[in-house]
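Remarks on the structure that follows.
Numbering of ligands and ligand atoms starts at 1, following listing order.
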Amino acid sequence: MNHYQESRDAVLQQIQHACAQSRRSVDSVQLLAVSKTHPSDALRAMYATGQRAFGENYLQEALDKIEALQDLAIEWHFIGHVQRNKTKHLAEKFAWVHGVDRLIIAERLSSQRLDSDEPLNICLQVNIDGQDTKDGCAPEEVATLVEQISQLPHLRLRGLMVIPAPNNLKAFADAQALFEQVKEHHAHPNDWDTLSMGMSGDLEAAVAAGSTMVRVGTALFGARDYQK
Ligand SMILES: *Cc1c(COP(=O)(O)O)cnc(C)c1O
C-alpha cells in the first residue's frame with residue numbers, strides 16, 4: 001500500500017472513530033483534502049485512493065493545478081482569503097468557496113457564475129473566537145448576511161466555515177451553537193447543511209462539536225514546504 005493510501009485510511013479511521021464516539025453516522029462528515037503547496041502529482045496520487053474533494057488556498061497555484069488535472073473529476077474547494085478583484089476565477093473554476101465574509105464578495109461571485117453551471121456552494125466564514133485577523137465576519141453579522149446571501153441567484157449558501165486557534169474547544173462549541181441557531185430560523189433548513197471546521201490537529205474535537213467537513217492537509221500529504 002502506498003503512503004497516500006495509508007495516510008488517507010488513517011484519517012478516515014480517525015473520522016470514523018470520532019463519529020462513533022458522538023453517535024454520528026460516518027457519512028455525516030466529509031473529508032476535504034487540503035493540497036496547498038503540494039504538486040499536481042501528489043493530488044493525482046491522492047485521487048487514485050478515492051479522494052475527490054480538494055481544497056486550495058492560493059488562487060494562481062490552484063488554477064495551475066486545475067489546468068493540469070482537468071482529466072480528473074475533482075471537486076475543487078477554495079479555502080483561502082477571497083480578494084475582491086479575484087472573484088471571477090473563483091466563480092468560474094470552483095465548486096465551493098469557503099471564505100466568503102462580506103456581501104460584496106457574494107454578490108460578485110453570484111453575478112460572475114455562469115448560468116450554465118450549477119450554483120456555486122458557499123460557506124460564510126466567521127471569526128468565531130475574535131482573532132486579530134481581517135478574515136471572517138463577526139458572529140453578530142451572520143444572521144443578516146445569511147438573509148442577504150440567500151437571495152443571490154447563482155449561489156447555494158451551505159453553512160459556516162471557521163478557523164479557530166488550534167484545539168479551541170470553546171470556539172468549536174460556539175460555532176456549533178451559531179450554526180444551529182441559523183438553522184432554526186432558516187427558511188430552507190435542509191439547504192443549511194455544512195459546518196466546515198477542524199484540521200489535522202483537531203479534527204476529532206471538531207467532529208465531536210458537529211463539524212460536517214474537516215479540512216485536512218498535513219495528516220494526508222505531510223508537512224508543507226513554503227519555500228518551493
Ligand atoms: C492549510 C489549511 C488547512 C489544513 O491544515 P492542516 O493543519 O495541514 O491540516 C485547513 N484549513 C485551512 C483554511 C487552511 O488554510
Side-chain angles (χ1 to χ4, degrees), residues 3-4 6-18 29-40 42-43 45-46 49 51-66 74-83 86 90 94-102 105 121-137 158-169 171-172 174-176 179 194-228:
H3 69 274
Y4 293 99
E6 268 171 38
S7 52
R8 183 162 178 270
D9 285 352
V11 170
L12 290 175
Q13 210 158 34
Q14 251 185 306
I15 293 172
Q16 209 168 1
H17 183 252
V29 181
Q30 209 196 331
L31 172 59
L32 179 64
V34 175
S35 43
K36 61 178 176 243
T37 76
H38 299 289
S40 301
L43 281 75
M46 193 59 80
T49 72
Q51 183 65 32
R52 292 294 174 268
F54 288 83
E56 289 281 336
N57 291 62
Y58 309 110
L59 184 59
Q60 190 52 55
E61 179 190 336
L63 294 176
D64 292 345
K65 289 178 193 170
I66 290 171
I74 291 181
E75 179 181 271
W76 292 102
H77 293 234
F78 190 77
I79 61 172
H81 176 67
V82 181
Q83 287 176 278
K86 302 282 172 61
L90 298 179
F94 287 80
W96 285 72
V97 177
H98 292 231
V100 174
D101 58 5
R102 286 178 291 159
I105 298 284
N121 296 292
I122 298 291
C123 288
L124 185 57
Q125 186 177 349
V126 188
N127 184 4
I128 195 71
D129 51 349
Q131 287 183 76
D132 194 9
T133 160
K134 284 196 198 72
D135 295 347
C137 67
R158 300 288 294 266
L160 300 177
M161 184 267 217
V162 294
I163 318 176
N167 286 302
N168 183 343
L169 300 186
F172 285 160
D174 288 346
Q176 181 177 37
F179 178 78
T194 304
L195 181 53
S196 167
M197 152 170 113
M199 318 203 291
S200 295
D202 53 17
L203 73 91
E204 283 169 314
V207 169
S211 169
T212 69
M213 196 184 293
V214 290
R215 308 177 309 264
V216 179
T218 309
L220 289 173
F221 293 102
R224 287 181 288 274
D225 179 358
Y226 287 95
Q227 308 310 317
K228 279 195 289 195

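Each of the atoms 14 (C), 15 (O) of ligand 1 lies under 4.0 Å from some heavy atom of Asn57. Within ligand 1, counting atoms from 1 as listed, the ones closer than 4.0 Å to a heavy atom of Val216 are 9 (O).
For the residue pair Gln30 / Thr212, no side-chain donor-acceptor distance below 3.5 Å is found, with atom types taken as modelled. Between the side chains of Asp9 and Gln13, no donor N or O sits under 3.5 Å from an acceptor N or O. There is a side-chain donor-acceptor pair under 3.5 Å between Glu75 and His77.
At the top of the distance list for atom 10 (C) of ligand 1, counting protein heavy atoms only, stands Met199 SD, 3.1 Å. Nearest protein neighbour of atom 8 (O) of ligand 1, counting heavy atoms only, is Thr218 OG1, 2.5 Å. Shortest contact from atom 9 (O) of ligand 1 to any protein heavy atom: Ser200 OG, 2.5 Å. What sits closest to atom 2 (C) of ligand 1 on the protein, heavy atoms only, is Lys36 NZ, 2.4 Å. Protein heavy atom closest to atom 11 (N) of ligand 1, with residue, atom name and distance, is Arg215 NE, 2.9 Å. With hydrogens left out, the protein atom closest to atom 13 (C) of ligand 1 is Ile163 CD1, 3.5 Å, a heavy atom.
At least one heavy atom of Arg224 sits closer than 4.0 Å to an atom of ligand 1.
Residue contacts with ligand 1, taken as heavy atom pairs separated by less than 4.0 Å, involve Ile79 via backbone and side-chain atoms alike.
Of all heavy-atom pairs spanning Ser200 and Val216, the tightest one is OG-CG1, 3.5 Å. Looking at every heavy atom in both residues, Met197 comes nearest to Ser211 through O-OG, 2.7 Å.
Taking the six-membered ring for Trp and thresholds of 30 and 60 degrees, Tyr58 and Tyr226 have ring planes more than 60 degrees apart, a perpendicular arrangement.
Under the side chain to side chain donor-acceptor pair (under 3.5 Å) test applied with Ser35, the options Lys65, Glu61, Gln51, Glu56 reduce to a single match, Glu56.
Considering backbone and side-chain atoms together, Gly201 places no N or O closer than 3.5 Å to any N or O of ligand 1.
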- Does the pair Asp225 and Thr37 meet the rule for a side-chain contact (heavy atoms from CB on, under 4.5 Å), with working shown? CA-CA 7 Å; Asp225 179 358; Thr37 76; over 6 Å; no
